[in-house]
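What follows is a set of notes on a single structure, which appears directly below.
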Amino acid sequence: MLVGAYSWGIVSDNYGRRMGFLFTALVTSIAGLLSSFSPNYITLVIIRFLVGVGLGGGPVLASWFLEFVPAPSRGTWMVIFQCFWTVGTIFEASIAWIVMPRLGWRWLLALSSVPSFLLLLFYNFVPESPRYLCMRGKTTDAMNILVNMAEMNKKTLPSGILVSDNKMELDENSDPSENTHLITIGKTDAIIDGDMDSKIGGISALYRLLSPKLITSTLLLWIVFFGNSFAYYGIVLLTSKLSDNDRRCVSGDLLPMQSENDNLYRDVFITSFAEVPGLILSAIAVDWVGRKLSMSSMLFASCIFLFPLIFIQTELLTTILLFGARLFISGSFVVVYVYAPEMYPTSVRTTGVGTASSVGRIGGIICPLVAVALVQSCHQIIALVLFEFIIFISGVAVTFFPLETNGRSLNDSVRELK
């Protein structure tokens, strides 16, 4: 997913949101189906790696959706969009709960690939982002999409001609006006209708994200993505570790814990519902109190719920505290996926979000190797202090974000940023 998030972001900024969508759906569905035919474990791991590459394209879909939503309701609709991560988790757990005991893992993987194949059925019906097309100078194509949108919604477009002041700022020598006007009255001589041939590669994309106007936001965003991912997957893993581990370590038995996962899928199904209150809270807070305050508040709240676990608690209290910590960390994760695409301009939006998501995957990779290993070796206090530190630093990083995006129009060019 680390590889996919970065790669598909660049593809989407260079060749369009629809192209990124197409290839992520193709890779995920085909690799997902092929993995069910794996003849051995090594082959299974390799093909599941390819599934992860495809799944890493999630930020492409988020950025694409964002570019269609008006600013006043953008936060709420982006949270609704993120809800389907939780819906998918619950749906997958329910399938596994039913299929695994009866048909085995091959059928589970085959059935799990079906939704990705269904995505391909909608490819011809979904439009390219008009904002992206304007940044590429394809105003005629963008206008056709806007006309179709107006007809479908029984609305009338504003009078005038679609123009773009930006020629995809890949050539930084030009000096366009500060704002991009998507629909303007009377500027018939300003029409731009040509393809932009400049493409950004991996190194140049990274250089763009670390340019003077973006470097502060980019580095802070990387810290927050890393912290959210580390904490989210850590809390999910700790849910099944702490209670048993407390009894094991107190008794002095340092032998590896034996698997007691007979009800694993049922437990995943139930604990996934902990994210539902987090989603509701995010939907309320993201537009009401803003992105920055809601994110930082939920990160600090997660710290508060984790702190008592430094000391040995009853199984019930441990479950309640982890439920609260997961509620707030999942809410923070949702809001950061709203904030990130709003922060970046159209020209590097999917690349920026994809790169940040890749940094987050590093947190997800390190978490079980460090934090959970510490818990299993009876160093629970050190593990939880590590979680507290990383989440707290992430909350502090949010407070230093230079921009509150709530209610703001999207930028198209790095040059538009102040």
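Under the rule for a side-chain hydrogen bond (donor to acceptor under 3.5 Å, both in side chains), R106 has no partner lying at least two apart in sequence or in another chain. Qualifying side chain to side chain contact (heavy atoms under 4.5 Å, CB included) partners for L34, counting only residues two or more places apart in sequence or in other chains: I30, I47.
A ring-centre distance under 6.0 Å is not found for F305 and F323.
Listed for the E404 side chain is a donor-acceptor partner under 3.5 Å among the backbone atoms of K292. In this structure a side-chain-to-backbone donor-acceptor pair under 3.5 Å is present from S302 to A325. Under the 3.5 Å distance criterion, the side-chain polar atoms of D287 are left unmatched by any main-chain donor or acceptor of A283. Using modelled atom types, no side-chain atom of R136 and backbone atom of Y132 make a donor-acceptor pair closer than 3.5 Å. With hydrogens and angles ignored, the 3.5 Å screen pairs no side-chain donor or acceptor of S297 with any backbone N or O of S294. A donor-acceptor contact shorter than 3.5 Å links the side chain of S282 to the backbone of G331. Checking side-chain atoms of S229 against main-chain N and O of F226 turns up no donor-acceptor pair under 3.5 Å. Side-chain N or O atoms of R291 include one that pairs as donor or acceptor with a backbone N or O of V286 at under 3.5 Å. S36 places a side-chain N or O within donor-acceptor distance of the main-chain N or O of L33, the cut-off being under 3.5 Å. A donor-acceptor contact shorter than 3.5 Å links the side chain of R349 to the backbone of P341.
Interatomic distance, CG of L214 versus CG of L219, reported as 10.5 Å (0.5 Å rounding). Expressed to the nearest 0.5 Å, how far CD1 of I10 lies from OG1 of T351 amounts to 5.5 Å. How far CG of L66 is from CG of L61: 12.5 Å, rounded to the nearest 0.5 Å. Between the CG atom of L306 and the CZ atom of R326 there is a distance of 13.0 Å, given to the nearest 0.5 Å. Here the CG-OG distance, from L327 to S332, works out to 11.5 Å after rounding to the nearest 0.5 Å. In this structure, OG1 on T24 lies 11.5 Å from CE on M19, to the nearest 0.5 angstrom.
Taking the six-membered ring where the residue is Trp, F387 and F230 present tilted rings, their angle falling between 30° and 60°.
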*Start with the C-alpha distance between W8 and V11, add both sets of side-chain angles, then the distance that settles side chain to side chain contact (heavy atoms under 4.5 Å, CB included), and finish with yes or no.*
CA-CA 5 Å; W8 298 126; V11 169; 4.1 Å; yes
*asked:* Could you walk me through whether Y339 and F401 satisfy the side chain to side chain contact (heavy atoms under 4.5 Å, CB included) test, starting with their C-alpha distance in whole Å, then the side-chain angles of each, then the deciding distance to 0.1 Å, before giving a yes or no?
replied: CA-CA 10 Å; Y339 180 85; F401 278 138; 3.5 Å; yes
*Going through the distances and angles, do V3 and F49 end up as a side chain to side chain contact (heavy atoms under 4.5 Å, CB included)?*
CA-CA 10 Å; V3 173; F49 176 88; 4.2 Å; yes
*asked:* Applying side chain to side chain contact (heavy atoms under 4.5 Å, CB included) to T139 and L133, what does each step give before you reach the verdict?
replied: CA-CA 6 Å; T139 51; L133 290 171; over 6 Å; no
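Counting heavy atoms of neighbouring residues, nucleotides and ligands inside a 6.0 Å radius, atom CZ of F389 does not exceed 12 of them. Enclosure of atom CZ in F117 by more than 12 non-hydrogen atoms of other residues, nucleotides or ligands within 6.0 angstrom is indicated.
Between L119 and F21, the closest side-chain pair of non-hydrogen atoms falls below 4.5 Å. For the pair I235/Y232, no side-chain contact is recorded, criterion being any heavy-atom separation below 4.5 Å from C-beta on. Between S29 and L120, some side-chain heavy-atom pair lies under the 4.5 Å cut-off. W105 is listed as a side-chain neighbour of L44, based on a closest heavy-atom distance under 4.5 Å. In this structure, the side chains of E92 and S112 come closer than 4.5 Å at one or more pairs of heavy atoms. Considering only heavy atoms from C-beta on, L403 comes within 4.5 Å of T405 through its side chain. Side-chain atoms of P212 and I215, non-hydrogen and from C-beta on, never get closer than 4.5 Å to each other. Residues V45 and R48 fail the side-chain proximity criterion, which asks for heavy atoms closer than 4.5 Å.
Listed here is the closest heavy atom pair of E388 and C303: OE2-O, 2.7 Å. The two residues G32 and S35 have their closest heavy-atom pair at O-OG, 2.6 Å. Taking all atoms of both residues into account, the shortest heavy-atom contact from P402 to S217 is CG-OG, 3.1 Å. The two residues A397 and I223 have their closest heavy-atom pair at CB-CG2, 3.9 Å. Shown here for P130 and L146, the closest heavy-atom pair between the two residues is CG-CD2, 4.0 Å. Closest of all the heavy-atom pairs between L384 and I310 is CD1-N, 3.6 Å.
The existence of a salt bridge linking E128 and R17 is excluded, since no basic side-chain nitrogen approaches an acidic carboxylate oxygen closer than 4.0 Å.
For Y344 and T218, the side-chain atoms include at least one donor-acceptor pair closer than 3.5 Å. Between the side chains of R361 and Y233, a donor-acceptor pair is found at a separation under 3.5 Å. Looking only at atom types and distance, the side chain of Y337 has a donor-acceptor partner in the side chain of S357 under 3.5 Å away.
Checking each of L299, I329, V336 against S394 for a side-chain contact (heavy atoms from CB on, under 4.5 Å) leaves exactly one that passes, namely L299. Of the candidates W64, F65, F68, F65 is the only one forming a ring-ring contact (aromatic ring centres under 6.0 Å, His included) with F81.
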